[in-house]
Amino acid sequence: MTLITNHMPTAELQALDAAHHMHPFTHGRDLARKGARVITRARGVTLTDSDGNEFLDAMAGLWCVNIGYGRTELAEAAARQMTELPYYNTFFQTTHVPAIALAEKLAALAPYDLNRVFYAGSGSEANDTNIRMVRTYWAEKGEPQRDIIISRKNAYHGSSMGSGSLGGMAAMHAQGGMPIPGIHHIGQPDWWSEGGNMSPGEFGLKRARELERAIDELGADRVAAFIAEPIQGAGGVIVPPESYWPEIQRICDAHGILLIADEVICGFGRTGNWFGSQTYGIRPHIMTVAKGLSSGYAPIGGSIVCDEVAEVLDGCEFAHGYTYSGHPVTCAVALENLRILQEEGIVERVATETAPYLKRKWDALAEHPLVGETKIVGMMGSLALTPDKAARAAFASDTGTVGLICREYCFGSGLVMRHVGDRMVISPPLVISHDEIDLLAERAWKALDLTHERLKQDGLMRAAG
Ligand SMILES: *Cc1c(COP(=O)(O)O)cnc(C)c1O
């Protein structure tokens, strides 16, 4: 058996990493200079690094380890499936039991008539599928000119050419020829940063109505679909005002355009329901899923499709698919993950116990001098750091300078909390206990204190002009 050994000193591992491993979303030379943290093991909500330091992982990896680390049932499910049937494709009039069983399970869990599953290996791949799927749907319906997909600035839908184009990340679009043609972006419902003097409710309506304006400008017969995350995750856990989603739903219905809910983060209990669409009363035609579907134990994604769209696609050969669409091992792992989420009542416990408790602790951070707003829905939350709460001011320093300082103090305090610009975000494993939530809040407060001290010393508590 090949063992990936871990007897090297950390510095040696870091040197090898710098020499041979290219990291996602990372400045290579900066990382080589600092050295990557080597994570060696994890249990529950706790990570351990190669020097034996422990961290409370308030990010559940990358928003994905919903059931927590160390569940051997998933390892056993993978081993059983690898022994029985490690691989077979689903292309040429073949199928297998794990793909069937997981599709049936997802159809049962998904709301409304979202009854059909197209598998992918990741959220990015699933959103690439969605682009081709909605355009093919309209072409099959005799409206091939309906090819524009409307998305939002500061959305995250993945990092492939298609999904990265759907996303609205300016830094990504600046490299490599994105966005592809036929994608249009409207403003995001980020009241804290962009709401000016409007109330959150007014601002939510204003941003939703940008969709209607875009449809009018582009031509109602040109728009295929609108895609959005129920709550933007990688954009900074931007919780939309209550007025936003009902108005978006009204506009999609009125114009007969398809609605894609990107549930890659919000799905599988993150917001206190199985899907974010249920939390916001959204009726999507397609839901993108990945991340929490397998709690990150194996790479899998997919599109859960409503009957009407699936039936139209059934009328043609949809010339699309991945070698690993419906991979038997990852399907088996996902099924076991869903069994645990369901049988242990984890989603219900989030809704009734853990999320309300976390919300109390999280909202109390608003009393810290550095924190403007706190936002939290279920088990995803954010803090806006600000030099001036009343003015909802941004810092004078480059966006992200303060957030990065805070993230480093979090690590130093034994807490993994991510920064998005100058917002701090959390998305802990859904199984986090009350004691661990107390620890999360204590460490966050400590990191905020250290950040505040440092900003004062360095003259960074200044508002942008
Ligand atoms: C992470 C993410 C994706 C991309 O998923 P990958 O598995 O990284 O390709 C898509 N949409 C949302 C909302 C995400 O958070």
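Computed from a predicted model, the values in this text were never measured in an experiment. Both ligands and their constituent atoms are indexed starting at 1 by order of listing.
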| What atoms of ligand 1 come within less than 4.0 Å of a heavy atom belonging to Asp262? | 10 (C), 11 (N), 12 (C), 13 (C)
| query | With atoms numbered from 1 as shown, which atoms in ligand 1 lie under 4.0 angstrom from a non-hydrogen atom of Ile265? | reply | 15 (O)
How does [X] reach ligand 1, by side chain, by backbone, by both or by neither, if only non-hydrogen atoms under 4.0 Å count?
X	value
Glu229	side chain
Lys291	side chain
Trp63	neither

Residue and atom name of the nearest protein heavy atom (relative to [atom]), distance in Å to one decimal:
atom	result
atom 5 (O) of ligand 1	Gly123 CA, 3.3 Å
atom 9 (O) of ligand 1	Ser124 OG, 2.5 Å
atom 12 (C) of ligand 1	Tyr156 O, 3.4 Å

| query | So with a 6.0 Å cut-off around CG of Asp30, is the heavy-atom count from everything else above 12? | reply | yes
| message | A cation-pi test, strictly: NZ or CZ of Arg392 under 6.0 Å from the centre of the six-membered ring of Trp191 and no more than 45 degrees from its axis. Yes or no? | response | yes
| Side-chain H-bond candidate by donor/acceptor type, Ser294 with Asn337, under 3.5 Å | no
| Going by distance alone, is a donor N or O of one side chain under 3.5 Å from an acceptor N or O of the other, for Glu308 and Tyr137? | yes
| query | Listed by chain and number, what are the salt bridge (charged side-chain N to carboxylate O under 4.0 Å, His left out) partners of Glu344, not counting sequence neighbours? | reply | Arg71
| field | Residue pairs passing the side chain to side chain donor-acceptor pair (under 3.5 Å) test where at least one lies in residues 423-433, sequence neighbours excluded | value | Arg270-Ser427, Glu373-Arg423, Ser382-Arg423, Ser433-Glu436
